[in-house]
Trainee: 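The structure follows.
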Amino acid sequence: MNVLVTGGAGYIASHVIKYILVGKSNNFSQIVVLDNLSTGSKYITDELHKIASENDMKFKFYLGDVSDIDFVESLLDEYQFDVIMHFAASLIVPESVADPLKYYYNNVVNTIRLLDLAIKHKVKYFLFSSTASQYSNENVKYGDKFSEDHPINPVNPYARTKNMCENIIRDCSNAYGIKYVILRYFNVAGADIENRIGQSTPNSTHLMKVAAQTALGIRDKLTIFGTDYPTPDGTCIRDYIHVDDLASAHVCALNYVVKYNSSELFNCGYGKGYSVKQVVDTMKAFTGIDFLVEYGERRAGDPAYLVADSTKLKSLVGWKPKYDDISIICKSAYDWERKLLDLKLGNP
Ligand code: UD1
């Protein structure tokens with residue numbers, strides 16, 4: 001299959017591409033990346049190039065914006081893609097509150113344009129990168145798990161744009177026949193287990209990355225946002241999924257949809273929750289560094305509790321996670337931050 005990956009220089013997409021390039025699935029013949037490098041990294045695309053040539057795979061990177069319809073159309077003409085994996089998006093929640101139009105343009109308008117072109121060019125499958133943060137937190141109690149049919153209630157423009165895109169994709173699939181895979185991510189964390197690629201976005205607010213950077217002295221302290229949540233230790237609980245396991249989930253889910261010519265929605269998480277304090281303590285224990293932690297106010301918009309019911313992904317497509325261990329996730333996040341420091345790319 002020929003695949004177009006939008007946002008392919010970014011964190012999650014680059015791990016999916018690596019997974020494909022190292023031959024974990026033989027269904028792919030050509031990977032084409034379109035990325036404007038606004039948050040993605042040239043270092044990452046260069047590394048993907050190397051991985052492709054080591055594995056004798058066809059990989060091509062184009063610097064460009066998904067909103068540039070003429071350019072995207074020229075790629076669709078040239079490569080006749082079977083699949084589009086659409087990752088390019090804006091994804092910072094506070095920014096989405098301050099500048100919602102940026103999010104409605106970058107996420108919703110660009111998805112509509114891309115879908116329109118995909119349908120016109122008879123692309124068969126559309127994979128969409130979505131979020132678990134659109135699930136409602138009302139009437140949720142500690143120990144519950146969120147299945148795909150859990151009520152939806154996006155509470156910020158970012159989550160709303162992802163939910164709107166999901167509905168648009170479903171409507172287009174019903175009307176025009178394009179098949180979709182929608183993946184709702186829980187908390188993606190860690191880095192490539194071989195430490196070749198990782199999360200490279202500057203100013204990240206991601207807990208695991210902030211913890212690794214604080215352990216390395218790149219930040220002078222870590223603030224825990226809120227200690228009065230209705231959880232056993234008072235801090236928020238999340239389901240942290242290693243990015244390499246998330247990558248394999250993409251390929252398993254896509255292969256299933258291709259095999260059965262169906263459309264599917266999957267939660268991506270392990271089904272285990274860890275509190276912010278547990279993550280911080282694991283990072284401290286693994287590194288042996290007792291970095292400075294302070295306790296602050298709740299961060300606006302944070303749900304207390306978000307843990308996946310990933311039964312569907314495991315039972316339907318046979319996804320078998322390999323790194324379901326919070327220490328492995330912490331270690332890979334730390335190793336990658338140290339590498340960024342060595343490469344002199346290690347800014348907070
Ligand atoms: C993450 C994703 C979001 C996705 C959602 C799905 C990131 C940046 N955000 O949001 O896009 O839709 O999962 O579940 O990946 N925390 C601290 N101190 C810090 C940083 C974080 O206490 O310095 C806490 C937060 O308050 C939160 C938890 O750690 O309770 C996780 O935060 P974060 O890593 O930012 O992810 P989410 O906000 O859950």
Side-chain angles (χ1 to χ4, degrees), residues 7 10-12 15 39 87 89-97 103 107 128-137 140 145-146 150 152 154-163 165-166 182-191 198-215 218-231 233-243 246 267-271 273-283 291-310 326 329-330 333 348:
Y11 174 43
I12 296 168
H15 287 77
T39 55
F87 293 91
S90 298
L91 38 79
I92 300 165
V93 170
E95 186 189 50
S96 79
V97 176
Y103 281 69
N107 298 359
F128 184 67
S129 159
S130 192
T131 176
S133 63
Q134 63 188 300
Y135 286 126
S136 168
N137 224 249
V140 171
K145 292 186 182 178
F146 294 68
H150 186 91
I152 295 292
V155 293
N156 57 64
Y158 162 71
R160 231 178 328 271
T161 62
K162 288 289 180 178
N163 179 253
C165 289
E166 286 191 7
I182 294 172
L183 299 175
R184 288 186 183 151
Y185 309 149
F186 283 70
N187 284 61
V188 189
Q199 155 70 283
S200 310
T201 319
N203 306 317
S204 173
T205 54
H206 197 272
L207 175 65
M208 199 74 70
K209 192 169 169 87
V210 172
Q213 290 180 330
T214 316
I218 301 169
R219 296 177 190 246
D220 46 13
K221 64 181 178 207
L222 181 147
T223 305
I224 293 184
F225 300 134
T227 52
D228 58 348
Y229 285 98
T231 61
D233 67 15
T235 66
C236 290
I237 291 185
R238 296 287 183 274
D239 185 341
Y240 295 90
I241 173 173
H242 190 279
V243 65
L246 183 68
N267 276 344
C268 298
Y270 290 139
Y274 290 92
S275 72
V276 176
K277 268 190 187 156
Q278 284 175 313
V279 170
V280 169
D281 288 347
T282 309
M283 187 63 83
F291 53 84
L292 181 61
V293 174
E294 68 173 24
Y295 299 100
E297 295 295 304
R298 289 184 177 199
R299 191 173 68 176
D302 273 345
Y305 182 81
L306 204 47
V307 176
D309 176 343
S310 51
I326 198 75
I329 299 176
C330 280

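Computed from a predicted structure; not experimentally measured. We count ligands from 1, going down the list as the structure has it; atoms in each ligand are counted the same way.
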Trainee: Describe, in one word, how the ring planes of His150 and Phe146 are oriented to each other, choosing from parallel (under 30°), tilted (30 to 60°) and perpendicular (over 60°).
Mentor: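 Because their plane-to-plane angle lies in the 30° to 60° range, the rings of His150 and Phe146 count as tilted.
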Trainee: Charged N to carboxylate O under 4.0 angstrom, Lys145 versus Asp239?
Mentor: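 Not counted as a salt bridge, because no side-chain N and carboxylate O are separated by less than 4.0 Å.
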Trainee: Examine the side chains of Tyr185 and Ser129 and answer whether a donor and an acceptor come within less than 3.5 Å of each other.
Mentor: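 Side chains of Tyr185 and Ser129: pair found under 3.5 Å.
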Trainee: Using side chain to side chain contact (heavy atoms under 4.5 Å, CB included) as the criterion, list what pairs up with Ala189, not counting sequence neighbours.
Mentor: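 By the side chain to side chain contact (heavy atoms under 4.5 Å, CB included) rule, Ala189 matches His206, Met208, Tyr240, Ile329.
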Trainee: Kindly tell me which protein residues have any non-hydrogen atom under 4.0 angstrom away from an atom of ligand 1, grouped by chain and ordered by number?
Mentor: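 These residues qualify: Thr131, Ser133, Tyr158, Tyr185, Phe186, Asn187, Thr205, His206, Leu207, Val210, Thr223, Ile224, Phe225, Cys236, Arg238, Tyr240, Val276, Arg299, Asp302, Leu306.
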Trainee: Suppose we screen for side-chain hydrogen bond (donor to acceptor under 3.5 Å, both in side chains). Which residues come up paired with Thr214, at least two apart in sequence or across chains?
Mentor: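 Result, side-chain hydrogen bond (donor to acceptor under 3.5 Å, both in side chains) vs Thr214: none returned.
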Trainee: With sequence neighbours excluded, what pairs up with Thr282 under the side chain to side chain contact (heavy atoms under 4.5 Å, CB included) test?
Mentor: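 Checked Thr282 against side chain to side chain contact (heavy atoms under 4.5 Å, CB included); matches are Ile326, Ser327, Cys330.
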